[in-house]
Protein chains: 2
Amino acid sequence: MSAATIEAAARVLRTIPIAAAYQPRAAAQQAANCTTCHLRDLCLPCGMNEIDTGRLDALMFARRRIKAGQILYHEGDRFAFLYAVRSGTFKSNLTLPDGREQVTGFHIAGELMGLDGVAQGNHASTATALEDTEICAIPYAQLCELAQGSAGMQQLVTRLMSRELVREHSLMLLLGSMNSEERLAAFLLNLSRRYKARGYSASEFHLRMSRAEIGSYLGLTLETVSRTFSSFQQQGLLEVDKRHIRILDLVAFTASFEIRLH
Amino acid sequence: MSAATIEAAARVLRTIPIAAAYQPRAAAQQAANCTTCHLRDLCLPCGMNEIDTGRLDALMFARRRIKAGQILYHEGDRFAFLYAVRSGTFKSNLTLPDGREQVTGFHIAGELMGLDGVAQGNHASTATALEDTEICAIPYAQLCELAQGSAGMQQLVTRLMSRELVREHSLMLLLGSMNSEERLAAFLLNLSRRYKARGYSASEFHLRMSRAEIGSYLGLTLETVSRTFSSFQQQGLLEVDKRHIRILDLVAFTASFEIRLH
DNA sequence: CGATTAGTTGACTTGGATCAAAATTCGTGG
DNA sequence: CCACGAATTTTGATCCAAGTCAACTAATCG
């Protein structure tokens, strides 16, 4: 098969209507397998026994590639799937009637998206890929059926949601009572911890989001984010080269912002 | 029985250790009954069929009175119960290491508290009564057992959590991208809607929380809250008498802040 | 290689914070 | 039931952190 043929095939795959891509037949071609997934200890099956994880495999989650800038689901879309990030980064955001946007979260490999859709049966936020990504689509109804048979499985979604609640609480604390330096530091330290848990460097990483997106998430303007980065650099805390960040002394940086916090 | 005797008995009841108050024996004395509760369409059994609601009754939720200023649970306390507010008002809050507080929510009759404890098995926030209150203590483990037998019941907690997620999203939007007038207006309109759903006036109500607590919740200082109330009054939008609030033209007030929003 | 987008930096403005003081309400013990 | 001290609320004066506006640079891409 020539390179041109592969390219053409890829193009066809990309243009499959969403509904079709979720059909068992299409899914079977590249179904996700939790048991062998390198993210299994971070993702949905985290803390689950082998039997339950095997049951998840039986659901044959469809895998899908979402290219940079594309939208996985819109606020208001019918909710039917939870999405697990396999690779890449997403943002979630809300829109006010007048057009103002608020980024409510960033999601990296092993994290779940879409839990806010359970309440009303419609997605409550919009999810956009910030780079080329791959996701698993988890059919929520089938997940609930599985939960009927297993107490461990049943607690799973509940616990994931509660974790999300705790995460949002801390973001409220950030938005409600921290200054700009604290906000940016908290953001970087949070990312650092998540990268570390995935085996990446905790002190050096590449941001996948723009200054404007960071600003929206932190309740700041993009100019303030940029200035705060510069200030951290001048204070000798960070090395900033565009979106490439290096925390010079992670221990000191953490300590400084965990204890001080004003 | 003399008044003094009653008073003495009440004092004894108040000093029963928490663990004892949760014993089935103690609970039986004043067990809650969802089927006949006037809050059943707002609270836990909302949307549930009669059979499932009956199953809830079988759990015999203990009822407890919490006096103004007392704490129902502390951040870090072992999580074992969800709490439904029967009457009165609670606040939830987080504390930063340096003592700064952030109020994360207010809870009135029919609302659930404690969902953020599911994630770690410990409460992630502190719940304090803002007036004399009454709650139902819902044993979480038993609720999960019930859920094993009923799909509807199983979805219940999940949906309640998701609703909470949506609520927190909108609070993030508020904290991240609204000015002080919009924040206070959004707060009042939200309270108004919740009172209305409970059969109270949507345009006239009594605030149970201080200016400082409102400020913490909205990410403002108490002085700014006070000034914004005064400003709304001067603009002819509200009548404010201490904690008693009257929205003069609810339709106009709603429209003005739903459309404008800046 | 222009044209668009992202990021930085500077100058200036401002909304809400801070500090301070007075007015009002509340709680408690005598 | 009253009085006194503590807590809450309002209002004014001042300040400053972050927003706004603007100019410029650097990277990205048809």
Side-chain angles (χ1 to χ4, degrees), chain A residues 67-69 89 91 100-103 128 130-132 174-188 206-235 238-245 260-262, chain B residues 7 11 67-70 91 100-103 128-132 174-187 206-235 238-245 260-262:
Chain A
K67 303 209 80 180
T89 309
K91 69 168 176 183
R100 268 179 285 174
E101 287 206 359
Q102 172 74 30
V103 173
T128 311
L130 295 180
E131 55 185 326
D132 291 358
L174 179 146
L175 289 168
S177 46
M178 292 188 186
N179 65 27
S180 57
E181 289 207 342
E182 290 167 349
R183 291 181 196 205
L184 189 60
F187 169 69
L188 293 174
H206 195 80
L207 299 174
R208 262 52 212 234
M209 60 294 284
S210 69
R211 301 291 190 254
E213 285 159 342
I214 296 171
S216 170
Y217 181 64
L218 298 178
L220 302 169
T221 58
L222 68 96
E223 292 96 330
T224 300
V225 172
S226 178
R227 273 186 248 272
T228 309
F229 269 127
S230 300
S231 159
F232 280 163
Q233 189 156 12
Q234 274 161 31
Q235 292 172 51
L238 297 184
E239 254 174 47
V240 183
D241 178 18
K242 279 272 178 188
R243 296 188 175 187
H244 193 87
I245 305 294
R260 173 153 66 95
L261 282 174
H262 210 63
Chain B
E7 182 50 35
R11 221 170 5 246
K67 305 210 80 180
Q70 289 191 337
K91 69 169 177 183
R100 269 179 285 175
E101 286 206 358
Q102 171 73 30
V103 172
T128 312
L130 296 180
E131 54 186 327
D132 291 358
L174 179 147
L175 290 169
S177 46
M178 291 186 187
N179 65 28
S180 57
E181 289 206 342
E182 290 167 349
R183 292 180 195 204
L184 189 60
F187 168 70
H206 195 81
L207 298 174
R208 260 57 211 231
M209 61 294 284
S210 69
R211 300 291 190 254
E213 285 159 342
I214 297 172
S216 169
Y217 181 63
L218 298 177
L220 302 170
T221 58
L222 69 96
E223 292 95 329
T224 300
V225 173
S226 177
R227 274 186 246 272
T228 308
F229 269 127
S230 300
S231 158
F232 279 163
Q233 189 155 13
Q234 275 162 30
Q235 290 171 53
L238 297 183
E239 256 175 45
V240 184
D241 179 17
K242 276 272 176 188
R243 295 188 175 187
H244 193 87
I245 305 294
R260 172 155 65 95
L261 281 172
H262 210 63

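Computed from a prediction, not measured in an experiment: that's the story for all the values here. The chains referred to below are lettered A, B, ... by the order of the sequence lines, with proteins before strands, and numbering in each begins at 1.
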TODO: State, with a plain yes or no, whether a side-chain heavy atom of B:Arg183 is found less than 4.5 Å away from one of B:Tyr217.
DONE: no

Task: Short side-chain N/O contact to D:dA17 OP1/OP2 from A:Thr224, under 4.0 Å - done: no

Task: Minimum-distance nucleotide to A:Arg243 side chain [options: C:dA6, D:dT10, C:dT8] - done: C:dA6

TODO: For A:Leu207 and C:dG7, give me the distance from atom CG to atom C1', rounded to whole Å.
DONE: 13 Å

- [ ] Would you indicate what B:Gly69 reaches in the nucleic acid, counting non-hydrogen atoms under 4.0 angstrom: base, sugar-phosphate, or nothing?
- [x] nothing

TODO: Compare the minimum distances between each of D:dA18, C:dG7, C:dG16 and the side chain of B:Asn179, then state the nucleotide with the smallest one.
DONE: C:dG16

TODO: Hey, which sits more toward the 5' end of DNA chain D by its nearest nucleotide, B:Met209 or A:Ser180?
DONE: B:Met209

- [ ] Would you mind reporting whether B:Leu184 and B:Thr224 have side-chain heavy atoms less than 4.5 Å apart?
- [x] no

- [ ] Measure the shortest side-chain to side-chain distance between A:Leu174 and A:Phe187 over non-hydrogen atoms and say whether it is less than 4.5 angstrom.
- [x] no

Task: B:Ile245 CD1 to D:dT9 C1', straight-line distance once rounded to whole Å - done: 12 Å

Task: Toward the 5' end of DNA chain D, by each residue's nearest nucleotide, B:Ser210 or A:Thr221 - done: B:Ser210

TODO: Please state how far atom CZ in A:Arg208 lies from atom C1' in C:dA6, giving the value in whole angstrom units.
DONE: 16 Å

TODO: Using whole Å, report how far CD of B:Glu213 lies from P of D:dA7.
DONE: 14 Å

Task: Whole-Å distance separating the CZ atom of A:Arg211 from the P atom of D:dA26 - done: 16 Å

Task: Atom-pair distance (CG on A:Leu184; P on D:dA18), nearest Å - done: 11 Å

Task: Interatomic distance where NZ belongs to A:Lys242 and P belongs to D:dT25 [whole Å] - done: 14 Å

Open item on the list: So B:Arg183, base contact, sugar-phosphate only, or nothing? Heavy-atom distance under 4.0 Å.
Closed with: nothing

- [ ] Look at all strands and tell whether B:Gly215 reaches a base, only sugar-phosphate, or nothing, counting heavy atoms closer than 4.0 Å.
- [x] nothing

Open item on the list: Can you see whether B:Ser230 engages B:Gln234 through a side-chain donor-acceptor pair at a distance of less than 3.5 angstrom?
Closed with: no

TODO: Would you indicate what A:Leu222 reaches in the nucleic acid, counting non-hydrogen atoms under 4.0 angstrom: base, sugar-phosphate, or nothing?
DONE: base

TODO: May I ask you to verify whether the side chain of A:Arg227 and the base of D:dG19 hold a donor-acceptor pair under 3.5 Å?
DONE: no

Open item on the list: Expressed as a whole number of angstroms, how long is the span from B:Asp241:CG to D:dT10:C1'?
Closed with: 13 Å

Open item on the list: Nearest to the A:Glu223 side chain among D:dA22, C:dA20, C:dG7, which nucleotide is it?
Closed with: D:dA22

Open item on the list: Nearest 0.5 angstrom please: B:Arg227 CZ to B:Thr221 OG1, how far?
Closed with: 7.0 Å

Open item on the list: Let's see if you can work this out: which of C:dT8, D:dT10, C:dG7 has an atom nearest to the side-chain heavy atoms of B:Ser226?
Closed with: D:dT10

